[in-house]
Amino acid sequence: MSKANYALRLQPSLKSAAERLAAAEGTSLNQFINVAVAEKLSALETEEFFRKRAAAGDRAAFLRFLDEAGDEPPADADAG
């Protein structure tokens with residue numbers, strides 16, 4: 001895996017908090033920031049994924065599906 005360097009300027013209070021939490025998790029500040037960026041990217045990409053899925057949805061087809069579902073109670077095998 002290749003790596004890229006980036007000079008990151010953090011507010012002193014953010015840096016202190018990140019250092020404290022990284023130490024509490026037993027990791028380096030660098031790793032903590034990498035994980036934080038990865039989590040943010042994942043959240044944003046997931047939001048975009050569901051936004052695209054919703055835009056492609058067919059409300060009429062969904063309502064037809066619900067109408068055809070029937071009124072039977074769940075089978076015993078469906079209970080969790």
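Below, each value reflects all heavy atoms present in this structure, side chains not excepted, and no hydrogens, waters or symmetry copies. Given the structure is predicted, the values throughout are model-derived calculations rather than measurements.
Within the 4.5 Å cutoff, no side-chain heavy atoms of Val35 are placed close to those of Thr27. The shortest distance between side-chain heavy atoms of Asp58 and Phe62 does not fall below 4.5 Å.
Formation of a donor-acceptor pair under 3.5 Å by the Ser42 side chain with backbone atoms of Ala38 is not found in this model. A donor-acceptor pair under 3.5 Å is absent between the side-chain atoms of Asp78 and the main chain of Pro74, judged by distance alone.
More than 12 heavy-atom neighbours from other residues, nucleotides or ligands sit within 6.0 angstrom of CD on Glu48.
Considering all non-hydrogen atoms of both residues, Ser28 and Ala22 come closest at O-CB, 3.7 Å.
Between the CD atom in Glu45 and the CZ atom in Phe50 there is a gap of 13.0 Å [rounded to 0.5 Å].
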side-chain contact (heavy atoms from CB on, under 4.5 Å) between Leu44 and Thr46, intermediate numbers included:
CA-CA 5 Å; Leu44 293 171; Thr46 299; over 6 Å; no
Tell me, with the steps shown, if Glu19 and Lys15 meet side-chain contact (heavy atoms from CB on, under 4.5 Å).
CA-CA 6 Å; Glu19 287 173 330; Lys15 183 175 182 277; 2.6 Å; yes
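Leu29 and Val37 fall within the same hydrophobic cluster, where Ile, Leu, Val, Met, Phe, Trp and Tyr residues are linked whenever their side-chain heavy atoms come under 4.5 Å apart, directly or through other members.
Partners of Glu68 under the salt bridge (charged side-chain N to carboxylate O under 4.0 Å, His left out) rule, at least two apart in sequence or in another chain, do not exist in this structure.
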